[in-house]
Structure formats: C-alpha cells, structure tokens
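Position 1 is the first residue of the sequence; numbering continues from there.
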Amino acid sequence: MWRFLSLVFIPTSLVSPLVSQTWDTIRHDVYFATDQSDISTVELRRLVAFIDEQQDLANSEILVCGYADHRASISYNLDLSERRASTVSDFLINKYPSISKVISAAQGEQPAREHLQLDRKVSIEVLRPTEFSVEDYSEDITRVMDLSTIRLSELSQGMRLRIENLHFYPGRSRLVPQSIPQLKALEKLLQQHPTLTIKIDGHVCCLLQDTLSPIQPSDGYDRDFNTNNLSVTRAQNIYDYLIRKGIDKGRLSYEGHGIKRPLIQPEITSEDEQLNRRVEIVITGF
C-alpha cells in the first residue's frame with residue numbers, strides 16, 4: 001500500500017546553498033456517508049469548486065488518500081477506503097484531463113474519535129513544483145545546557161540560544177517528558193524578567209537524504225495534526241504553553257524553518273540528526 005505522507009526526503013547535492021525542487025501543497029477533504037463510497041451532491045460541488053480554484057493543473061500532481069472510520073473489520077475498512085479513493089480519482093481523471101498525474105492510495109481506518117464523520121473521507125493534496133534553497137546558516141549560536149542557570153546579564157538582543165535537552169517525539173510536535181524541566185525553566189526565565197521578549201524558531205532533521213521519491217517537502221510531517229509543517233507546530237507548541245502559563249503573547253513570536261537551516265549537513269549519524277532536530281530561542285528585546 002502506497003503512503004504519500006511517509007515520503008519526506010529531499011535528495012542532497014551537498015552544495016551550499018542547496019537548491020532543490022520541492023512541492024507546494026494545498027489540501028481538501030471530501031466526506032462520505034456511513035458505509036458509502038459515492039460522492040454526495042454537496043461534496044461534489046465542494047470538490048469541483050476547490051479544483052476549479054487551482055491554477056496550473058498541467059504541472060500539478062494530485063494525491064488522493066481514502067479513509068474510513070474504525071467500525072467494521074480492518075480489511076473491510078481498507079477496501080472501503082480504497083473504493084472511496086478510486087471514486088474521487090476516477091472523477092478527477094475524467095473531468096480534468098489536464099492534471100499531469102493523479103495518485104490514489106487506500107489508508108484504511110482511522111483511530112476511534114468522537115466525531116466519526118470526520119474519518120469517513122478522502123484527503124486530496126494538490127502538489128505544485130517549486131524551488132527552495134537551504135540557507136547558509138552561519139549565525140552565531142550560543143549553546144545552552146540548562147536554562148535554569150542562565151542570567152539576564154549573559155543575554156543580548158539578537159542572541160540565538162540552542163536549548164539542549166529540549167526534544168520531541170519523532171514526527172510529532174509533543175515534547176518528550178524529559179524535556180519538561182527545560183520548558184519550565186524557559187517559563188521561569190520569562191516570568192522573572194517581564195520585559196524580556198523572545199522568538200521561538202523550530203527546525204527539523206532527516207529530510208536531506210537520497211531518495212527516488214518525486215515528493216520532496218521542505219518541512220516535516222506532523223502526525224498529530226496531519227500537516228506538513230512540523231517545524232512550525234513544534235515552535236507553536238512551546239509558544240502556546242508559555243501563553244497558557246500566563247506569559248503575555250505580545251512578548252512571544254514563533255516561526256518554523258523546516259530543513260532550511262541545518263547545523264550539520266550532511267547528516268551522517270543520529271547525533272547529527274538530533275542537532276538539526278531542534279528549537280532555538282532568539283532574544284528579541286529587553
């Protein structure tokens with residue numbers, strides 16, 4: 001069974017800056033009635049309106065992934081998701097012959113959720129080729145082992161802090177439990193210095209590798225949110241935590257850089273990957 005979202009690599013030329021083809025992605029979901037694989041009139045209108053809004057279909061590829069809710073057997077749900085994906089794929093191929101490629105996949109059942117109708121769907125990804133460059137990341141970075149020991153006098157505007165022991169689950173925007181003390185230390189630092197402002201920069205690893213895949217995103221896939229902006233959601237997770245703890249959001253900002261600012265290139269060891277899989281804190285003001 002072919003799975004698009006597992007293909008998250010970019011071939012490396014080992015040139016700085018690296019220029020590669022990646023893909024802009026636009027997503028749309030088509031929802032189905034229970035145990036049905038025919039597109040309803042309402043969903044068909046939504047689908048046509050979505051496709052008609054897209055530009056340059058001749059240079060676009062469309063990924064069609066079918067899903068089912070968790071009821072019934074695994075094999076039945078896989079077959080149902082395949083029928084749903086085929087229905088949408090056949091419609092797109094027949095109505096829009098200018099599309100360069102339509103790729104269909106069956107994903108089977110989704111985990112049990114409160115709103116099962118959200119799992120009875122086909123997810124459509126419209127991919128357009130684009131280019132990006134890996135930035136020459138030569139900015140000074142201050143390595144910080146433990147945020148709880150840092151003093152305000154040691155900080156300066158524009159300083160970039162690489163926080164060690166601030167790690168996430170692979171493919172997710174959730175921190176591992178061992179990282180909670182560092183997160184609490186960042187919270188305490190901001191509480192003790194109420195004029196201090198920061199920007200949270202998220203980064204990912206492990207995408208600059210050789211592959212035969214034609215699909216080459218420049219950010220990671222977030223399994224929690226089913227999106228291809230893992231560096232953003234990791235930074236946002238810390239941003240949201242600080243706001244929940246009472247830090248004024250006017251003192252905070254966040255940004256995701258995907259793979260564009262690797263510290264190590266190429267990544268040879270797991271330690272190299274860990275260095276690139278990181279969040280950095282930029283001091284923006286006092």
So do the side chains of Thr87 and Val30 get within less than 4.5 Å of each other, counting heavy atoms only? no
Asp201 and Arg160, any side-chain heavy atoms less than 4.5 Å apart: yes
Ignoring hydrogens and geometry, is there a side-chain-to-backbone donor-acceptor pair from Asp272 to Thr269 under 3.5 Å? yes
Exactly one candidate in Leu161, Leu186, Leu155 meets side chain to side chain contact (heavy atoms under 4.5 Å, CB included) with Ile198; the answer is Leu186
Verify same cluster id: Leu242, Leu152 (apolar side-chain graph, 4.5 Å): yes
Full working for side chain to side chain contact (heavy atoms under 4.5 Å, CB included) between Tyr241 and Lys184: CA-CA 10 Å; Tyr241 168 85; Lys184 290 185 177 295; 3.6 Å; yes
Do Tyr76 and Leu116 share a hydrophobic cluster, counting only Ile, Leu, Val, Met, Phe, Trp and Tyr and linking them when any side-chain heavy atoms are less than 4.5 Å apart? no
Common cluster, Val102/Val88, ILVMFWY with side-chain heavy-atom separation under 4.5 Å: yes
Do Arg278 side-chain atoms and Asn276 backbone N/O form a donor-acceptor pair below 3.5 Å? yes
Nearest heavy-atom neighbours spanning Val64 and Ala85: CG1-O, 3.6 Å
On a heavy-atom basis, the closest approach of Gly202 and Val279 is CA-CG2, 4.4 Å
Using every non-hydrogen atom in the two residues, find where Gln157 and Thr284 come nearest and quote the distance to one decimal. NE2-O, 3.2 Å
Nearest heavy-atom pair of Ala235 and Tyr254: which atoms, and what distance? CB-CB, 4.0 Å
Which Ile, Leu, Val, Met, Phe, Trp or Tyr residues join Val176 in one cluster when any pair of side-chain heavy atoms under 4.5 Å counts as a link? Tyr169
Using a 6.0 Å cut-off, check whether atom CD of Glu109 has over 12 heavy atoms from anything other than its own residue. yes
Does Phe286 reach the side chain of His193, with side-chain heavy atoms less than 4.5 Å apart? no
Under 3.5 Å, is there a donor-acceptor pair between the side chain of Glu43 and the main chain of Tyr31? yes
Minimum heavy-atom separation for Ser231 and Asp219, please, with both atom names. OG-OD2, 2.7 Å
Please tell me whether Phe91 and Ile93 are part of a single hydrophobic cluster in this structure, the criterion being side-chain heavy atoms less than 4.5 Å apart. yes
Is any side-chain heavy atom of Tyr96 less than 4.5 Å from a side-chain heavy atom of Val48? yes
Quick check: do Ile51 and Lys95 have side-chain heavy atoms less than 4.5 Å from each other? no
Identify the heavy atoms of Asn77 and Asp69 that sit nearest to each other, and give their distance. ND2-O, 3.2 Å
Would you say Phe168 and Val204 make side-chain contact, with heavy atoms under 4.5 Å? no
Return yes if some donor-acceptor pair links the side-chain N/O of Glu187 with the main-chain N/O of Leu183 below 3.5 Å, else return no. no
N-O pairing of Arg244 and Asp240 below 4.0 Å: no
Arg27 (side chain) donor-acceptor with Ser123 (main chain) under 3.5 angstrom: no
Verify, without hydrogens or angle tests, whether Arg46 (side chain) and Asp29 (backbone) share a donor-acceptor contact under 3.5 angstrom. yes
Under 3.5 Å: donor-acceptor pair, side chain of Ser60, backbone of Val126: no
Can you tell if the side chain of Thr34 reaches within under 4.5 Å of the side chain of Arg71, non-hydrogen atoms only? yes
If hydrophobic clusters are built from ILVMFWY residues whose side chains come within less than 4.5 Å, do Ile200 and Ile243 share one? yes
Go through Arg84 and Arg120 one step at a time and tell me if the side chain to side chain contact (heavy atoms under 4.5 Å, CB included) criterion holds. CA-CA 9 Å; Arg84 287 170 172 168; Arg120 300 190 290 266; 3.6 Å; yes
Less than 4.5 Å apart, any side-chain heavy atom of Asp222 and any of Arg234? no
